[in-house]
Amino acid sequence: MRTGLAMMGALVALAVGSTGVAQAPRPLPYWASLTAGDALMRTGPGREYPATWRYRRVGLPLKVVAVHESWRKVREPDGTEGWMASVLLTERRTGMVQGDPVALREKPATNAAVRWRAAPGVVGKIGQCRAGWCHFDVAGKDGFVEASRLWGVELGEVVE
């Protein structure tokens, strides 16, 4: 059994990042994306738990809903939840088109010219989001998309 001082030292060590500065935990939920082309979702926070899904899509956006040590409980667009090792996730913001195809527009307005179209399931990088619109980049083809059409951003959220 650890003593109170040893336990406090362990907690301080966990809170200090590689820069030596204590980092506050992120408020939940938050958005992340897959960094790996082969990632397993598990039933619990550890390698001893069985895998339920295998992901092979770098950049796929996931919502982090819980944290346990180096594991993150994530949610998919259809509501499926499971645990992934934190090293499989990045804070890079991505989004996935939901519903019908979307128009990527020159400006954040419904009457702006259409530059490209993206099909449901297409994943791209989310840039700035303001006033219900996000800058969305799919392999170098970019434009503005209504935030409500993307899984990977909250309605009303401002992304810088």
| said: Working note: Leu104 + Phe136, criterion side-chain contact (heavy atoms from CB on, under 4.5 Å); need CA distance, chi angles, decisive distance, verdict. | reply: CA-CA 7 Å; Leu104 279 69; Phe136 192 58; 4.3 Å; yes
| Nearest heavy atoms of Val138 and Gly124, plus distance in Å |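 Smallest interatomic distance, heavy atoms only, reads CG2-CA, 4.2 Å.
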| task | State, to 0.1 Å, how close Leu155 and Ala147 come at their nearest heavy-atom pair, and which atoms those are. | result |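 Nearest heavy atoms, Leu155 then Ala147: CD2-C, 4.4 Å.
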Taking side chain as C-beta onward, heavy atoms only, is [X] less than 4.5 Å from [Y]?
X: His135; Y: Val159; result: no
X: Val58; Y: Leu34; result: no
X: Lys73; Y: Pro45; result: no
X: Val102; Y: Arg117; result: no
X: Gln98; Y: Arg149; result: no
X: Pro120; Y: Asp100; result: no
X: Leu150; Y: Val145; result: yes
X: Met84; Y: Leu62; result: yes

| message | I want to check a possible cation-pi pair here: Arg26 against Tyr30, using under 6.0 Å from ring centre and within 45° of the ring axis as the test. | response |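 Yes.
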| Would you say the side chains of Glu91 and Trp31 form a donor-acceptor pair under 3.5 Å? |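 Side-chain D/A pair, Glu91 to Trp31: absent.
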Membership question, hydrophobic clusters at under 4.5 Å side-chain separation (ILVMFWY): are [Y] and [X] in the same one?
X: Val64; Y: Met41; value: yes
X: Leu60; Y: Val74; value: yes
X: Val123; Y: Val153; value: no
X: Tyr49; Y: Trp83; value: no

Looking at [X] and [Y], would you say the former's side chain and the latter's main chain have a donor-acceptor pair under 3.5 Å?
X: Arg56; Y: Gly37; result: no
X: Ser33; Y: Thr94; result: no
X: Ser86; Y: Ser70; result: yes
X: Arg105; Y: Thr110; result: yes
X: Arg92; Y: Leu89; result: no
X: Arg93; Y: Gly152; result: yes

| field | Cationic N near anionic O, under 4.0 Å, Arg115 to Glu106 | value |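 The answer is no: the pair does not qualify as a salt bridge.
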| query | Can you tell me how far OH of Tyr55 sits from CG of Leu40, rounded to the nearest 0.5 angstrom? | reply |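 Those atoms lie 10.0 Å apart.
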| said: Assess the residue pair Thr80 and Trp53 against the criterion (side-chain contact (heavy atoms from CB on, under 4.5 Å)); give the C-alpha distance rounded to whole Å, side-chain angles, the decisive distance to 0.1 Å, and a yes or no. | reply: CA-CA 10 Å; Thr80 299; Trp53 291 100; 3.7 Å; yes
| Is there a salt bridge (Lys or Arg N to Asp or Glu O under 4.0 Å) between Arg42 and Glu48 once you walk through the steps? | CA-CA 9 Å; Arg42 297 181 178 275; Glu48 68 275 12; over 6 Å; no
| Lys63: which of Arg75, Glu76, Glu81 passes side chain to side chain contact (heavy atoms under 4.5 Å, CB included) |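 The passing option is Arg75.
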